[in-house]
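Just so you know, residue 1 is the first one in the sequence shown, and it goes up from there.
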Amino acid sequence: MTPTIRPLPLTVLLLTWNEAANLERTLSRLRWAPEILVIDSGSTDGTLDVLASLPRVRVLHRRFDSFAAQCNFGLDQIATEWVLSLDADYGVPAELATALPSLLSRADHDHLAGYSLPFRYCIDGVPLRGSLLPPRTCLYRTRCGRYRDEGHGHRVMIEGTVAPLDLPILHDDRKPLERWLASQQRYLRIEAVNLLNTPSRSLSWVDRLRKHTPLAPLAALVFCLLLRGGLLDGRAGLVYAMQRSYAELLLQLMLHDERGQRSARQGQRIATKAPLDPPS
């Protein structure tokens, strides 16, 4: 008698907005997933045509207001016990997909609420030895997770114990450079405001470095090439190091600009409140 194979009690959650350049590659690594829920923010580039070709994909449309709100909306639509939350430029390696049944069983045995996974950043499909991306909690019990906005991004808050894994998620974004540059300008403006609005004592040492010294671009270059092995990755490692150094340089310029704007506004308020000179 052939044993019954139970489907994974898991839904993949994806956010999309004009991700045609990445989506087919991302979905090709999710053939094992029993259900994929996509929250689309108004794509116009063929993303919806790609999604419509797959019967296991459920697409919901929601106007974008923040990453956290999009994710929380998605969580509210999921009935399975577990969720694997991904961006449309993430790839799930075969080793991770194969390990999922045992990971969910381990979580039940050890009373875990989720797992955090490291990233392997890719340049033109080439995985790098290291990157600046921290691990992300992607796999967790649906009822235990809730997102909040943080700077230009978002972070999931998990109620319960999260265990680290060695199995990585791939970050493989192949959208045009112009899209990346436009995104960096938008994201880093938000990041600059967030850094200036957050007391330094509440920031990580990395964010304190970014906020208070102009050395972050140089530090990013050295860290990526030397400490993360970028020199051994050849051209791909050099491209990634230049990307991160450029982003940190742009952040420094935006911090300078934001400080100048705030100083000017403060000067205007002081001038407005200043008493008039008494008549001579």
Item to check | Nearest atoms (heavy-atom pairs only) where Leu112 meets Arg106 | outcome: CD1-NE, 4.0 Å
Next on the checklist: Return the CZ to CG distance between Arg244 and Leu225, rounded to the nearest 0.5 Å.
Outcome noted: 13.0 Å
Item to check | Atom pair CG (Asn194) and CG (Leu188), whose distance is rounded to the nearest 0.5 Å | outcome: 11.5 Å
Next on the checklist: For the backbone of Pro101 and the side chain of Ser105, can you confirm whether one donor and one acceptor N or O come within less than 3.5 Å of each other?
Outcome noted: yes
Checklist entry - Would you say His256 has more than 12 foreign heavy atoms packed within less than 6.0 Å of its NE2? => result no
Next on the checklist: How about CG on Asp124, more than 12 heavy atoms from neighbouring residues, nucleotides or ligands closer than 6.0 Å, or not?
Outcome noted: no
Item to check | Gly145 versus Leu75, closest heavy-atom pair with distance | outcome: O-CD1, 3.4 Å
Next on the checklist: Hydrophobic clustering (ILVMFWY, side-chain heavy atoms < 4.5 Å, transitive) - are Leu139 and Leu15 grouped together?
Outcome noted: no
Next on the checklist: Between Tyr147 and Ser66, is there a side-chain donor-acceptor contact under 3.5 Å, judged purely by atom types and distance?
Outcome noted: no
Next on the checklist: Any side-chain to backbone donor/acceptor pair from Thr142 onto Glu81? Under 3.5 Å, distance only.
Outcome noted: yes
Item to check | Heavy-atom pair of closest approach, residues Phe119 and Pro134 | outcome: CD1-O, 3.2 Å
Next on the checklist: Looking at Ala20, is its backbone amide N or carbonyl O close enough to the side chain of Glu24 to form a donor-acceptor pair, meaning the two atoms are under 3.5 Å apart?
Outcome noted: no
Item to check | Hydrophobic cluster identity match, Val38 and Leu10, side-chain contacts under 4.5 Å | outcome: yes
Checklist outcome for this item: Value for OG (Ser200) from NE2 (His212), rounded to nearest 0.5 Å, stands at 2.5 Å
Item to check | Residues Asp108, Arg141; criterion salt bridge (charged side-chain N to carboxylate O under 4.0 Å, His left out); working and verdict | outcome: CA-CA 10 Å; Asp108 289 337; Arg141 297 184 192 271; 2.9 Å; yes
Checklist entry - Between Arg208 (side chain) and Leu203 (backbone), is there a donor-acceptor pair under 3.5 Å? => result yes
Checklist entry - So Tyr90 and His171, would you call those rings parallel, tilted or perpendicular, with 30° and 60° as cut-offs? => result tilted
Checklist entry - Shared ILVMFWY cluster between Val156 and Leu165, side chains joined below 4.5 angstrom? => result no
Next on the checklist: For the backbone of Asp45 and the side chain of Ser43, can you confirm whether one donor and one acceptor N or O come within less than 3.5 Å of each other?
Outcome noted: no
Next on the checklist: I'd like to know if the side chain of Gln252 and the backbone of Arg210 have a donor-acceptor N/O pair within less than 3.5 Å.
Outcome noted: yes
Checklist entry - So which heavy atom on Ala21 is nearest to which on Arg25, and how close? => result O-NH1, 3.5 Å
Next on the checklist: Return the CZ to CD1 distance between Arg31 and Ile36, rounded to the nearest 0.5 Å.
Outcome noted: 10.5 Å
Item to check | Check against salt bridge (charged side-chain N to carboxylate O under 4.0 Å, His left out), Lys175 and Glu19 | outcome: CA-CA 8 Å; Lys175 293 189 292 292; Glu19 288 287 349; 3.2 Å; yes
Next on the checklist: Could you tell me if the side chain of Phe73 sits less than 4.5 Å from the side chain of Gln70, heavy atoms only?
Outcome noted: no
Next on the checklist: Here's a test for you: under side-chain hydrogen bond (donor to acceptor under 3.5 Å, both in side chains), which of Asp172, Asp173, Asp87, Thr47 qualifies with Asn22?
Outcome noted: Asp173
Next on the checklist: Donor-acceptor pair, distance only, cut-off 3.5 Å: does the side chain of Asp233 make one with the backbone of Arg129?
Outcome noted: yes
Item to check | Within-4.5 Å side-chain heavy-atom neighbours: Met254 and Arg189 | outcome: yes
Item to check | Pairwise side-chain contact, Thr137 with Leu117, heavy-atom cut-off 4.5 Å (strictly under) | outcome: no
Next on the checklist: Could you check, using the six-membered ring where one of them is a Trp, whether Tyr115 and Tyr140 have ring centers closer than 6.0 angstrom?
Outcome noted: no
Next on the checklist: Using a 3.5 Å distance criterion without hydrogens, assess whether the side chain of Thr98 forms a donor-acceptor pair with backbone atoms of Ala94.
Outcome noted: yes
Checklist entry - Given the rule that I, L, V, M, F, W and Y join up when any side-chain heavy atoms are under 4.5 Å apart, are Ile158 and Ile78 in one cluster? => result yes
Next on the checklist: Checking Thr11 against Thr80: is there a side-chain donor and acceptor pair closer than 3.5 Å?
Outcome noted: yes
Checklist entry - Any chance CZ of Arg155 has more than 12 other-residue heavy atoms, nucleotides or ligands included, within less than 6.0 Å? => result no
Item to check | Minimum side-chain heavy-atom gap Val12-Leu37 below 4.5 Å | outcome: no
Checklist entry - Below 4.5 Å, heavy atoms only, C-beta onward: do Cys122 and Leu128 meet side chain to side chain? => result no
Checklist entry - Would you say Leu84 and Met157 are hydrophobically clustered, going by side-chain heavy atoms of ILVMFWY under 4.5 Å? => result no
Checklist entry - Counting N and O atoms only, with roles assigned by atom type, does the side chain of Arg228 sit under 3.5 Å from a partner on the main chain of Val222, one being a donor and the other an acceptor? => result no
Next on the checklist: Go through it in stages, so that I can follow the logic: the residues are Arg262 and Asp257, the test is salt bridge (charged side-chain N to carboxylate O under 4.0 Å, His left out), and I'd like the CA-CA distance, side-chain angles, deciding distance and then a yes or no.
Outcome noted: CA-CA 9 Å; Arg262 293 185 179 196; Asp257 182 65; over 6 Å; no
Item to check | Glu150 atom CD, neighbour heavy-atom count above 12 within 6.0 Å | outcome: yes
Next on the checklist: For the NE2 atom of His109 and the OG atom of Ser102, what is their distance to the nearest 0.5 Å?
Outcome noted: 13.5 Å
Checklist outcome for this item: One should read off an interatomic distance between Glu258 CD and Glu191 CD, to the nearest 0.5 angstrom, of 12.5 Å
Next on the checklist: Using modelled atom types and a 3.5 Å cut-off, is there a donor and acceptor pairing between side-chain atoms of Ser245 and backbone atoms of Met242?
Outcome noted: no
Item to check | Arg58 vs Gln77, side-chain contact (heavy atoms from CB on, under 4.5 Å): CA-CA, chis, key distance, verdict | outcome: CA-CA 10 Å; Arg58 179 164 59 112; Gln77 320 306 315; 4.2 Å; yes
Item to check | 4.5 Å side-chain heavy-atom contact, Val50 and Val57 | outcome: no
Next on the checklist: I want to check something: taking the side chain as every heavy atom from C-beta on, are Leu13 and Leu86 in contact at a cut-off of under 4.5 Å?
Outcome noted: no
Checklist entry - Is Arg265 atom CZ crowded by more than 12 heavy atoms from other residues, nucleotides or ligands, each under 6.0 Å away? => result yes
Checklist entry - Is Leu132 close to Tyr121 at the side-chain level, that is, under 4.5 Å between some pair of heavy atoms? => result no
Checklist outcome for this item: Heavy atoms of Ser131 and Tyr240 approach each other most closely as CB-OH, 3.2 Å
Item to check | More than 12 heavy atoms from other groups under 6.0 Å of CG on Asn197 | outcome: yes
Checklist entry - Which atom pair, heavy atoms only, marks the closest approach of Cys224 to Ala241? => result CB-CB, 3.8 Å
